[in-house]
Amino acid sequence: MHPRLAEDLKSLPELLDAARKLAGEALAGLPERPAAVPPGDPVRAPLPLEGVGGQGALEAFSQRWEAGFAGSAGPRYLGFVTGGATPASLAGDWLTATYDQNPASGMDSSAQDLERETVGWLAELFGLGAEFSGAFVTGATMSTVTGLAIAREWLGERARVSVSDDGAAALGPVTVLSGSPHSSILKALSFLGMGRSALRKVPVLPGREAVDVAKLAEALESLDGPAVVVANAGTVNTVDFDDLRAIAALKQRYDFWLHVDAAFGGFAALSPEHAALTAGLDQADSVVVDLHKWLNVPYDSAVQFTRRRDLQLRVFSNNAAYLGEIGETPDFLHLTPENSRRLRALPAWFSLVAYGRDGHREIVERCVSLARDLGARIDGSPRWRLLAPVRLNVVCFAPAGGGDVDALVRAIAEEGTTFLTPTVYDGRPALRAAFSNWQTTTADVDRVFAALERVATG
């Protein structure tokens, strides 16, 4: 054994205690850590030859990299849609690395059963019935890839070809309809060989990002065969929701696969005030939900749901003697693009057990309230213009007098109090502030708004 390995093995408790101390200090300082740390020009170190051991690695990390990490798990990081990590989920994540289970196979541990239990709880949380099955994936993009891969197989079933056997070319051109599709839809279509050009935009309602269902019906009427419809349970700019029940009702007249992007908007189901927004989610054929957003578990964690596990198995099955028989309850390696992977379900399991439905509902409702608070302050400021109603947890706004939004984003990041990401809404460059962190409070909104006002006048 390499002497550094032998030394670290002998002193493993001390090494883990040192790592715990560093992590504890980082967490204690998180509320005051700069939300963003714009990077400079890094100097790459040479590849170590002998190595310096675990303690030396901790010291090197602390000296060279730690200060440059963003406070992205903190309460004032409002860029993208970024959650933090609840205490229980962080504990679960540490144990995930400790036990180092590979839940791809059920031959050697109960890890798969824990994942199935967690997926079942999540399906219940989002109002999905027993006809849905699911699995953990890295994020919303891979959940989308998985759902649309199943949709592609469904299109092949309709055309009486096997895409999983003969490839996308056997299927020919496909049509994907959506009002305000997330960019990951295009990425998935490219990845799956259906092509970005398969996506056809459908008009949205006036002043909205929600699809015009009547226009969607017209588009379906004009087609010669089945299609895929991508609906939104929360758009990225304004968290607008398509009328999922009305879209699902179109299945009585038209043949299509309904894929719903509920990456973070699906969590509206936890709040009685907002649950109606997700009505009809249980009529989807595939559903995307991101957990490292509003469930507040560490990266990376998402789930995919579908009611056609048979087609999912056809797409992703990996038949090899050393993997054992597939059986009636397929191992997860037969259901997603990955074979080996970490036990992503454990942090989510910990958080759900620790805080339950009510605890996670409180996080959702508080984030919505805080977003509305910031939206009201922006709407009342002469320096900013609110571009859309605050429907859930995202505030979409722009400088009142125009200006360089990218420069504002850089200035806000450099100021350090908060971090926001840019977008384009209705053809206008804009900023968006997304509330999804379990630690954010009204005091943080005070500081965020004050920082925005300083940057606007600076």
Side-chain angles (χ1 to χ4, degrees), residues 25-43 62-85 236-239 264 292-293 296 299 366-388 390 393-425 428-458:
E25 291 170 353
L27 291 170
L30 188 58
E32 298 306 319
R33 191 182 191 94
V37 184
D41 296 322
V43 178
S62 296
Q63 292 169 7
R64 297 190 59 229
W65 296 108
E66 197 273 343
F69 278 20
S72 54
R76 294 183 306 280
Y77 188 96
L78 307 180
F80 311 104
V81 184
T82 304
V236 74
N237 282 336
T238 66
V239 205
F264 65 98
H292 50 234
K293 291 184 168 68
N296 279 261
Y299 283 95
R366 175 157 42 89
C367 286
V368 173
S369 176
L370 295 171
R372 288 174 172 173
D373 184 6
L374 181 62
R377 298 186 197 208
I378 286 171
D379 199 32
S381 170
R383 299 176 181 87
W384 303 103
R385 181 185 170 195
L386 191 64
L387 298 183
V390 180
N393 65 321
V394 175
V395 185
C396 187
F397 63 104
D404 187 340
V405 167
D406 288 335
L408 277 172
V409 169
R410 289 193 297 272
I412 292 167
E414 289 167 0
E415 199 272 347
T417 299
T418 188
F419 178 68
L420 279 66
T421 39
T423 191
V424 175
Y425 177 69
R428 178 173 181 172
L431 296 136
R432 49 185 301 285
F435 288 80
S436 44
N437 189 289
W438 67 278
Q439 297 186 77
T440 311
T441 65
T442 300
D444 293 303
V445 176
D446 293 340
R447 295 179 62 178
V448 167
F449 183 67
L452 292 176
E453 292 285 86
R454 285 195 299 273
V455 169
T457 57

Heavy-atom closest pair, residues [X] and [Y]:
X	Y	value
Pro422	Val405	CB-CG1, 4.2 Å
Pro31	Arg447	O-NH1, 4.3 Å
Leu386	Gly375	CD2-O, 3.9 Å
Ala70	Ala36	CB-CA, 4.2 Å
Thr442	Asp373	CG2-OD2, 4.0 Å

Do the side chain of [X] and the main chain of [Y] share a donor and acceptor less than 3.5 angstrom apart?
X	Y	answer
Asn393	Phe435	yes
Thr457	Glu453	yes
Thr423	Asn237	no

Are [X] and [Y] packed together at the side-chain level, in the sense that at least one heavy-atom pair is separated by less than 4.5 angstrom?
X	Y	answer
Val395	Trp384	no
Ser436	Phe264	no
Val37	Phe69	no

- Could you tell me which residues satisfy side-chain contact (heavy atoms from CB on, under 4.5 Å) with Asn437, sequence neighbours excluded, listed by chain and number? Asn296, Gln439, Thr440
Nearest 0.5 Å, please: how far is [atom2] in [Y] from [atom1] in [X]?
X	Y	atom1	atom2	value
Cys367	Arg372	SG	CZ	12.5 Å
Leu452	Glu415	CG	CD	8.5 Å
Arg377	Phe449	CZ	CZ	7.0 Å

- Query: Pick from Thr441, Thr417, Asp444: which one makes a side-chain hydrogen bond (donor to acceptor under 3.5 Å, both in side chains) with Arg76?
  - Reply: Asp444
- Message: Pair Thr421, Arg432 - check side-chain hydrogen bond (donor to acceptor under 3.5 Å, both in side chains), show working.
- Response: CA-CA 6 Å; Thr421 39; Arg432 49 185 301 285; 3.2 Å; yes
- Task: Identify the residue among Val390, Ile378, Asp379 that makes a side-chain contact (heavy atoms from CB on, under 4.5 Å) with Phe397.
- Result: Ile378
- Message: Exactly one of Val455, Ile412, Val445 should register a side-chain contact (heavy atoms from CB on, under 4.5 Å) with Thr418. Which one does?
- Response: Ile412
- Should the pair Arg33-Glu66 be classified as a salt bridge under the 4.0 Å nitrogen-to-oxygen rule? yes
- Identify whether the distance between the nearest side-chain nitrogen and carboxylate oxygen of Asp406 and Arg410 falls below 4.0 Å. no
- Partners of Phe80 by ring-ring contact (aromatic ring centres under 6.0 Å, His included), sequence neighbours excluded? none
- Under the ring pair (Phe, Tyr, Trp, His ring centres under 6.0 Å) rule, what pairs show up with a residue in residues 402-425, not counting sequence neighbours? Tyr77-Phe419
